[in-house]
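Just so it is clear, the structure is predicted and the values come from calculations on it, not from any experiment. Every number for a ligand or one of its atoms is a count from 1 in the order of the listing.
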Amino acid sequence: MNPPANFDLGYDAIAPRITDAADQERWDEACDVLVVGMGIAGVSAALATSETGGGRSVLVIDRFNGGGSSSLSGGVVYAGGGTKVQREAGVDDPTEAMLAYLVEETGGAVSTETLRRFCTTSPEMIEWLEGHGVRFSSKVAPRKASYPTRDGYLYLSGNETVQVYADHIPAAPRGHRVVAAPNLSERFLYRGGASLMMTLIRALRAAPGVREILHCRVDRLVVDKAGRVVGVDVYQIPVGFNAWRHGKLQRISSHIALGDSKLAKWAWRKAASIEKRHARRRTITVRERTILAAGGFMRNRAMVQHHAATYLDATPLGAQGDVGSGIRLGQGVGGVTAYMDSVSAWRFINPPYVWMRGIMISRRGERLTNEEQYGARLGAALFEKAEGRGWLILDSKIVEDGERELKLPETWIFQRMIARAMLKNGKKAVTVADLEKQLEITDGGLQKAVERYNQDIAASAPDEFGKSRDLCAPLLTGPFYAVDVSSDVAGSPILAISLGGLAIDENTGAVLGTDNKPIAGLFAAGRSAVGLCSKSYISGLSLADGIFSGRRAGSFICQ
Ligand SMILES: Cc1cc2nc3c(=O)[nH]c(=O)nc-3n(C[C@H](O)[C@H](O)[C@H](O)COP(=O)(O)OP(=O)(O)OC[C@H]3O[C@@H](n4cnc5c(N)ncnc54)[C@H](O)[C@@H]3O)c2cc1C
């Protein structure tokens, strides 16, 4: 039987199959623990079960080759509280400081108790990763950035130095960038995420009691009459040439450099048609627990439209598996969701670092926010206050300083190319008034915004949006530049991931139903679930959450 064609399209719950007598069915596969999805959350869950499950059998399945969005990622893991890497770098980071910052940054997405557990176990998490072969380095990046310089591995990856936090919480670098495996070149692009996943998947393949099935997608959960999840129906492409092509095409279609290009779309159509023609239905019975770790939903336009329409114009970031099937499968058996309108939309303006001295304005000329913040906050300001459209205003001093920074050998080639292209494609004028005309701002909004910014600096008054003093530089020297920071800028669109998911019991990872009670046999982790970053993402917090929540869902200690 061929798989249904509309699997990737809907936003509604995916209904389960109800079995009258699971023990009398003929199943194709059986396991104690089933993990759906082989990204960071799924791999962490499977490894944790192997380590703590007392010989339980684990089956991990993935719709594609495994790795998911986690493989495409920058490989930055948020960790602190005195990790080995921080200690080697001479960084002092008390657990209480990390906790205090995260309580404010994460905005109550999870309880303080859960955050405390995350912070106190953070050093152990890094050791656990290292124990599985993942490598980190204590070389500290010279400055805060959206992504550290080529030679920097430990860096300020969030909003720690922004005044609103820094005035009462000591800042510390907590972004731990994975060192690329020797066989993965970082000449043009980072490979930290690919290295992280390659290493962990290798560890998974050597772990006792773990098996995997690739090119296999879960289409339906199977529940017994009492509502317990007892298995899944899947569609699997048999091992061989078609499965190989399916994996290759998916990889092309998800490649970050290809974005939404014709080639990416062609590759995806081909991969989907291989699934449609060659996947065969199979059934898997699960004796204890099914863990949904199938990623987020940014690639499912119907879900974005339904839950987070403000962000519909953002470009989906992530692998093709990010169609929300894990969330919809959970909903089908009564799982409730939360923070589904929460999206992290990234407008990075740093590097170059000095661009944060400029001001970001709407199409009407109003300044939008503190430019020093992490790119997800800038993206949120653009979408929530300005329909995703805006300009970054710079003067020639900033542009010259920025160019000097871009020329440094430690700047990534892709970041240099993006910043230069954005500048080249922007507008330029001798005076602010002329620039305003070019931008078709009619009521003097830009001039007012620049005047206000400059006056506050001259008067040593606090910045309107709380930008740090050393990043407030008056915009005085023409020519003036307007860099387009809108959602659809060619070559540098605003990229977005979804943050909401299935509500879970924060002690166990069990999926919760409407009565706030766990659904028997069902767990969730990573971006399929509500987690640490469900209200606010900073670099490293999604991978860290995937590891934390995956290990929690897969752990049999004290349960
Ligand atoms: C370019 C980029 C850079 C990023 N950089 C960082 C970073 O440096 N640090 C950070 O913290 N975060 C980063 N993120 C975000 C982060 O990578 C993701 O949020 C995180 O990896 C999600 O992990 P996951 O395990 O939940 O999902 P995934 O890694 O996407 O794994 C889900 C897996 O489930 C599979 N799957 C889906 N549906 C099914 C189904 N029905 N049946 C079977 N299998 C299924 C998919 O094929 C996939 O392999 C980045 C994201 C991108 C795209």
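- Contacts of Y537 with ligand 1, taken as heavy-atom pairs under 4.0 Å, involve the side chain alone.
- Contact annotation: G546 has no heavy atom less than 4.0 Å from any atom of ligand 1.
- Proximity of G318 to ligand 1 is established by a heavy-atom distance of less than 4.0 Å.
- Not a single heavy atom of G193 sits less than 4.0 Å from an atom of ligand 1.
- Under a cut-off of 6.0 angstrom, the local environment of OH in Y11 is sparse, with at most 12 non-hydrogen atoms contributed by other residues, nucleotides or ligands.
- For atom 24 (P) of ligand 1, the nearest non-hydrogen atom from the set P316, G68, S70 comes from S70.
- Within the structure, every pair that satisfies the side-chain hydrogen bond (donor to acceptor under 3.5 Å, both in side chains) test and touches residues 490-499, not counting sequence neighbours, is listed here: R347-S492.
- At most 12 heavy atoms of other shown residues, nucleotides or ligands fall within 6.0 angstrom of atom NE2 in H255.
- Counting heavy atoms under 4.0 Å from ligand 1, residue Y147 does not touch it at all.
- For R301, there are no salt bridge (Lys or Arg N to Asp or Glu O under 4.0 Å) partners two or more places apart in sequence or in a different chain.
- When non-hydrogen atoms are compared, ligand 1 lies under 4.0 Å from the side chain of V36 (C-beta onward) but not from its backbone.
- With distances taken over non-hydrogen atoms, the option nearest atom 41 (N) of ligand 1 out of G326, S325, G37 is S325.
- Heavy-atom separations between Y235 and ligand 1 are all 4.0 Å or longer.
- Exactly one residue among R282, R280, R17, R217 makes a salt bridge (charged side-chain N to carboxylate O under 4.0 Å, His left out) with D233. That residue is R17.
- Residue-level proximity to ligand 1 for A293 is carried by the backbone, the only part with a heavy atom below 4.0 angstrom.
- Aromatic rings of F348 and Y147 (six-membered ring for Trp) have centroids beyond the 6.0 Å cut-off, not under it.
- Counting non-hydrogen atoms of neighbouring residues, nucleotides and ligands closer than 6.0 angstrom, the CZ atom of R116 reaches no more than 12 such neighbours.
- Between atom 37 (C) of ligand 1 and the options G42, S549, S498, A294, the minimum heavy-atom separation is to A294.
- Taking 4.0 Å as the cut-off, F297 does not count as a neighbour of ligand 1 on heavy-atom distance.
- Counting heavy atoms under 4.0 Å from ligand 1, residue C216 touches it through the backbone alone.
- With hydrogens and angles ignored, the 3.5 Å screen pairs no side-chain donor or acceptor of T49 with any backbone N or O of V58.
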